[in-house]
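In each ligand, atom 1 is the first atom listed, and ligand 1 is the first ligand listed.
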Amino acid sequence: MKYFITTLVLLAIVFSGYSQNPLFIPPILEGNNINLHVQNGSMPFLSGKETATMGVNGSFLGPTVILNQGDSVQLSVFNDLDEPTTMHWHGLHVPAKLDGSPHNVIQPHTIWSPRINVLDQASTFWYHPHLHGKTAEQVTKGVAGMIIVRDNQESALDLPRNYGVDDFPVVIQSRAFDSNNQFVVNTADDHILLINGTIDPILKVPAQIIRLRVLNGSTNRVYNIGFQGNHQFYQIASDGGLLEAPLALTRLMLAPGERAELLVNLSGLKDQNLDMFSFGSELPNGIYGAAVPGSMGMGSIDGYSANILNGKNFKLIRLSVTAQTTQAVTAIPSKLVLIQKPDPSKSSVTRIITLSASGMGMGNLSGPFLINGKSFSMERIDFSAKMGATEIWQITNQTAIAHPFHIHGLQFFVTDIGGSQPDRSRQGRKDVVLVPAMQSVRLIMKFDDFSDPLIPYMFHCHMLSHEDDGMMGQFLVTGIPTELNTMINDPVIRIYPNPVTDRLTVEASGVDRSSVIIEIRNDLGQLCLQEKISEFPATINTSHLKTGIYTISFIYQNRTLVRKVVRF
Ligand code: C2O
Ligand code: CU
Ligand code: CU
């Protein structure tokens, strides 16, 4: 009998290594004060020794930060590590000084506290460190989290948005472990999948339409997302916001850094399982994750062909369908939002940006890679863009492997990939685009806000090992805007004149006057003026403000509305 029980216990232990684990859903962090503690930790990923990790407010990954458009939010990043880091808000439209680039270093045991105004549309963004040369290592160890931005337009649509109930974060990462169960950074042996930090995950989902916010948070790997039995799904958002209408798909390729929001209809599937896959066998060669990483059979990467994920189909998550919830979304909306793209006829500049390999030419798939023939330097500004300008960037890939190209601080639109119109899933707001081997991609963007004469924005390959190796550049946005960008059109508050000189008039209706506080901040987020308003219309003395752009926050009843104003 004793022997029998021992055998059962042993069997249970052996099988637990192969059994499915409930998908970890990171907790939510919201409100006007977001505190993020970057810390060391450890995780029992594999049986035996625990893996040394880094996480945010925990051992691995970080909380999902929820922001509301129009809010003014104090972000505080506590570096509890014994090494420097930075924290980048990937996709957020914020000043370069606040965007967590390699220039915004947070020394060990210090706090970095950018205050940002949330100007973005409803989207799925993410945060991760960006210390030059250390990004891959710190992200691999676990420092990353999701950001969900909400806005009124999205809230008015009948979409699943009950976090952890019908709206789920899905952070996909591939990892390699050494014989001591420790992470290996920058290796082609990344064959163990972590979804939200869970190995072999299973997620209980209701039998209705669910929303998956998928982030490719891997160092190098591209995924080709789909479901078992080619179950159809609908893409509703690309990197920086909702598409114009849901797009019915059976596959969606996601490169490192890219996000997509998907709707999956699980009605009628109660008590069944539906597996989410990456169909790697269908990836064309010339992409990290395909059977051959170089296009036209060129080059190889050490250890690549031994990796069991490459060129193969593999499961990402098992969805286990349970009963419908009471407030189920059961129809796919026919329309989402109107997208306004920059007008190409207004474009003043076409920038040619080349991606090339140093040494060994085309056969070099491991890098280091160069942008415009140069390796990254913190001291070099590659170019400046004028505030208010519309620009076209042509990214020409002269290498045999595809690179996901990312630009900080704004959302762009892809006008063509290799001369043809991008597929519809890439026609929305984007901040990462996969540039295929030996092809060019053109992007259009407008520099609406946030000039800074000193602190640049980054552009780089989002394969983190390429980025750390110097496949990155930086640009300044200079000058005063030619056009104002007021993204928040709340009818309650009116300010004029704008641009303003000495006196600003504020009118408001529908708010309780006794509780309105007005704050004016410069484009670095510094407080320049704070006033309590008791009577509308109110006159505010702005004569002491220097010329430039400011944000005005109206704080009332625990809400903050933000507007922009220019001081002339
Ligand atoms: Cu997600 Cu510059 O990075
Ligand atoms: Cu970024
Ligand atoms: Cu690259």
Checklist entry - When the ring centroid of His408 is compared with that of His88, is the distance short of 6.0 Å? => result yes
Inset, instruction - Kindly indicate whether a cation-pi arrangement holds for Arg251 with Phe279, taking the cut-offs as under 6.0 Å to the six-membered ring centre and within 45° of the axis. - result: yes
Exercise. Taking the six-membered ring for Trp, is the centroid-to-centroid distance between Phe459 and Trp393 below 6.0 Å?
Worked result: yes
### Message
Could you check whether any side-chain N or O of Ser123 sits under 3.5 Å from a backbone N or O of Phe125, counting only pairs where one atom can act as donor and the other as acceptor?
### Response
no
Within the 2.8 Å cut-off the protein N, O or S neighbours of atom 1 (Cu) of ligand 1 are His90 ND1, His128 NE2, His462 NE2
For the pair Asp452 and Lys97, find out whether any cationic side-chain nitrogen is under 4.0 Å from an anionic carboxylate oxygen.
no
Exercise. Aromatic ring centroids of His460 and His130 under 6.0 Å?
Worked result: yes
If you count every protein N, O or S atom closer than 2.8 Å to the Cu ion (ligand 2), you should arrive at 2
### Parallel, tilted or perpendicular, as decided by the 30° and 60° cut-offs, for the rings of Trp89 and Tyr127
tilted
Ring centroids only, cut at 6.0 angstrom: are Phe177 and Phe183 within range, meaning strictly under it?
yes
Are more than 12 heavy atoms from other residues, nucleotides or ligands located less than 6.0 Å from atom CG of Asp302? no
